[in-house]
2 protein chains.
Amino acid sequence: MSDPTKPKMSASKAEILDAAAEVFMTLGAEAASIDDVARHLGATKGRIYHHFPSKGALLAEVCLRAADFVLQKVPPVVQATALPADNLRNMILTHIPEVLRTLPYHKVIIQSYVGVQQKSTTAHERELFAQIQLERKAYESLFRQVLQAGMDDGSFRAQDVSVALQSLLLLINAPVFWYRPRDNEPEAFVTDLSVQLADMAVASLQ
Amino acid sequence: MSDPTKPKMSASKAEILDAAAEVFMTLGAEAASIDDVARHLGATKGRIYHHFPSKGALLAEVCLRAADFVLQKVPPVVQATALPADNLRNMILTHIPEVLRTLPYHKVIIQSYVGVQQKSTTAHERELFAQIQLERKAYESLFRQVLQAGMDDGSFRAQDVSVALQSLLLLINAPVFWYRPRDNEPEAFVTDLSVQLADMAVASLQ
DNA sequence: TTGACAGCATACTCAGTAGTATGTTTGCCT
DNA sequence: AGGCAAACATACTACTGAGTATGCTGTCAA
């Protein structure tokens with residue numbers, strides 16, 4: 001999918017992205033300042049601007065990484081010979097734990113989901129956001145194909161595919177909105193949660 | 001529910017709230033400035049600060065109005081004698097058109113849903129946000145009761161109520177994320193959409 | 001040893017923004 | 001008429017925050 005987009009990111013850059021994701025999640029991407037991120041790193045602005053040309057680019061790379069996380073895990077579990085409902089279940093059972101494992105990143109990308117359009121973007125930032133759009137479309141079409149296959153063979157009820165797709169995608173991302181890791185959390189909590197949501201999702205389509 | 005909170009808002013104040021909702025929706029609540037809102041009104045800051053003590057209070061009142069819209073329409077359609085599934089269907093069929101009718105307001109309140117916590121809030125702002133929290137809880141418990149009733153009489157499958165509730169609420173608000181009013185939109189589009197989502201929601205619980 | 005460059009920190013600039021202080025107009029009551 | 005608020009506009013202030021210019025330090029190759 002993206003061979004040239006994996007130029008083995010440096011550890012320092014990854015550390016910055018982790019901090020940015022957490023700070024952007026907590027304060028909001030627009031409200032948070034570069035100094036906030038630097039302070040959370042125990043560093044200063046200089047470190048961040050050495051690796052990223054602008055705040056918009058930093059935000060974009062956080063979102064890009066969020067998309068990459070699920071794109072590396074979910075597509076492999078799809079099997080051409082399997083039943084659509086089974087494929088969908090496996091996709092969801094993979095998607096949700098991976099999303100909750102990298103929660104800050106997805107809380108940030110969901111903020112942009114609301115439709116907030118950047119103000120003054122450079123050409124480089126627009127390029128990054130275009131790539132995010134591409135990866136998001138690729139991920140959506142993965143679910144769209146399974147949905148369509150299920151409607152074709154009658155295992156899913158016939159309905160507007162786009163509406164069903166958007167609703168499904170939001171349903172499986174619902175935990176991003178309310179989930180908060182607890183220290184005394186049962187071992188199998190995330191697994192149980194994933195199963196419950198997979199059940200709901202499949203049932204909503206039948 | 002809130003008799004003292006309806007001191008018949010002036011038309012000018014409502015106009016400011018409408019403009020603020022649109023600008024906050026487009027640019028993001030934090031990134032948008034008071035001057036942006038004023039410019040969209042064809043006015044200046046003075047007008048806004050005459051009606052609202054601060055930007056945070058303006059944002060809070062936008063969110064409060066968003067909650068009020070659905071709280072005035074949905075609760076009346078609930079009937080104690082009706083079947084839970086029928087009650088839920090009617091609630092969704094009322095919720096979605098009302099939300100899409102007042103879309104900018106709900107796009108703003110969803111931004112705060114992502115968990116963005118305000119930085120420095122005055123006592124007055126905290127009071128407003130507390131009231132929003134109350135109305136949101138009241139609205140949620142409306143759905144929770146219907147959910148619980150359905151599980152009690154066996155018409156809904158037994159499962160974790162909180163998870164099901166949060167998922168349901170996000171499902172019926174899904175159009176807020178992607179809906180965009182079209183000029184050549186079919187007459188019954190919103191109605192059809194509401195029916196489809198109501199079907200999905202009820203099916204996901206059975 | 002010495003350059004030379006990556007990887008930061010420090011110390012600025014400057015545009016934008018929340019908030020205030022103070023005019024100015026318009027209706028309205030008497 | 002006249003006065004008196006409400007409902008704004010104008011013109012500030014003070015400050016935050018993105019971006020830059022430059023300085024410092026280790027490392028590594030020649």
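This structure is a prediction, so every number in the text was calculated from the model and none was measured. To find a chain, count down the sequence lines: A is the first, B the second, and so on, and within it residues start at 1.
Distance CG (B:Leu41) to C1' (D:dA7): 14 Å, rounded to an integer number of Å. Regarding B:Arg39, its CZ atom lies at a distance of 10 Å from the P atom of C:dG16, rounded to whole Å. In this structure, A:Asp35 places its CG atom 17 Å from P of D:dC15, rounding to the nearest Å. If you measure from atom OH of A:Tyr49 to atom C1' of D:dG19, you get 5 Å, rounded to the nearest angstrom. Nucleotide D:dT16 holds its P atom 16 Å from the CD atom of B:Glu30, rounded to whole Å.
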Run the side-chain donor-acceptor check on residues 181-192 of chain A: report pairs under 3.5 Å with partners two or more places apart or on a different chain.
from: A:Glu185; atom 1: OE1; to: A:Tyr179; atom 2: OH; distance (Å): 3.0
from: A:Glu185; atom 1: OE1; to: A:Arg182; atom 2: N; distance (Å): 3.4
from: A:Glu185; atom 1: OE2; to: A:Tyr179; atom 2: OH; distance (Å): 3.0

Which atom pairs, donor and acceptor, lie under 3.5 Å between side-chain atoms of residues 196-206 of chain A and protein residues at least two apart or in another chain?
from: A:Gln196; atom 1: NE2; to: B:Gln159; atom 2: OE1; distance (Å): 2.9
from: A:Gln196; atom 1: NE2; to: B:Asp160; atom 2: O; distance (Å): 3.1
from: A:Asp199; atom 1: OD1; to: A:Arg89; atom 2: NH1; distance (Å): 2.5
from: A:Ser204; atom 1: OG; to: A:Ala201; atom 2: O; distance (Å): 2.6

Item to check | Letter per nucleotide, 5' to 3', of nucleotides 3-13 of chain C [B base touched, S only sugar-phosphate touched, - untouched; heavy atoms, 4.0 Å] | outcome: ----BBBB---
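Remark: the B:Arg65 side chain and the B:Thr102 side chain contain no N/O donor-acceptor pair separated by less than 3.5 Å.
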Checklist entry - Are A:Trp178 and B:Leu170 close enough, and set up right, to give a side chain to side chain contact (heavy atoms under 4.5 Å, CB included), and what steps lead you there? => result CA-CA 10 Å; A:Trp178 56 264; B:Leu170 213 66; over 6 Å; no
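Residues satisfying the side chain to side chain donor-acceptor pair (under 3.5 Å) test with B:Arg39, not counting sequence neighbours, are B:Asp36. Scored by the side chain to side chain donor-acceptor pair (under 3.5 Å) test, A:Gln145 finds no partners at all (sequence neighbours excluded). In this view, A:Phe24 satisfies the ring pair (Phe, Tyr, Trp, His ring centres under 6.0 Å) rule with no residue, not counting sequence neighbours. Scanning for side chain to side chain donor-acceptor pair (under 3.5 Å) contacts around B:Thr94 gives an empty result, with sequence neighbours left out. For A:Arg126, the side chain to side chain donor-acceptor pair (under 3.5 Å) test picks out A:Thr121, with sequence neighbours left out.
Sorted by first and then second residue, the side-chain hydrogen bond (donor to acceptor under 3.5 Å, both in side chains) pairs with a member in residues 161-176 of chain A read A:His95-A:Asn173; sequence neighbours excluded.
If one axis is set at each end of the helix from C:dT1-D:dA30 to C:dT30-D:dA1 from five pairs, those axes are 0° apart, to 10°.
Of the candidate nucleotides D:dG17, D:dG19, C:dA18, D:dG17 has the atom nearest to the side chain of A:Ser33.
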Could you list all N or O pairs between the protein and nucleotides 26-28 of chain C that sit under 3.5 Å apart?
none

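In terms of modelled atom types and a separation under 3.5 Å, the side chain of A:Asn87 and the main chain of A:Ala80 share no donor-acceptor contact. Put simply, the side chain of A:Lys55 gets close to the backbone of A:Glu30: a donor and an acceptor are under 3.5 Å apart.
Side-chain contact between B:Ser12 and B:Arg47 is present, with at least one heavy-atom pair separated by less than 4.5 Å.
Scanning residues 54-66 of chain A for heavy-atom distances under 4.0 Å to DNA chain C yields an empty list.
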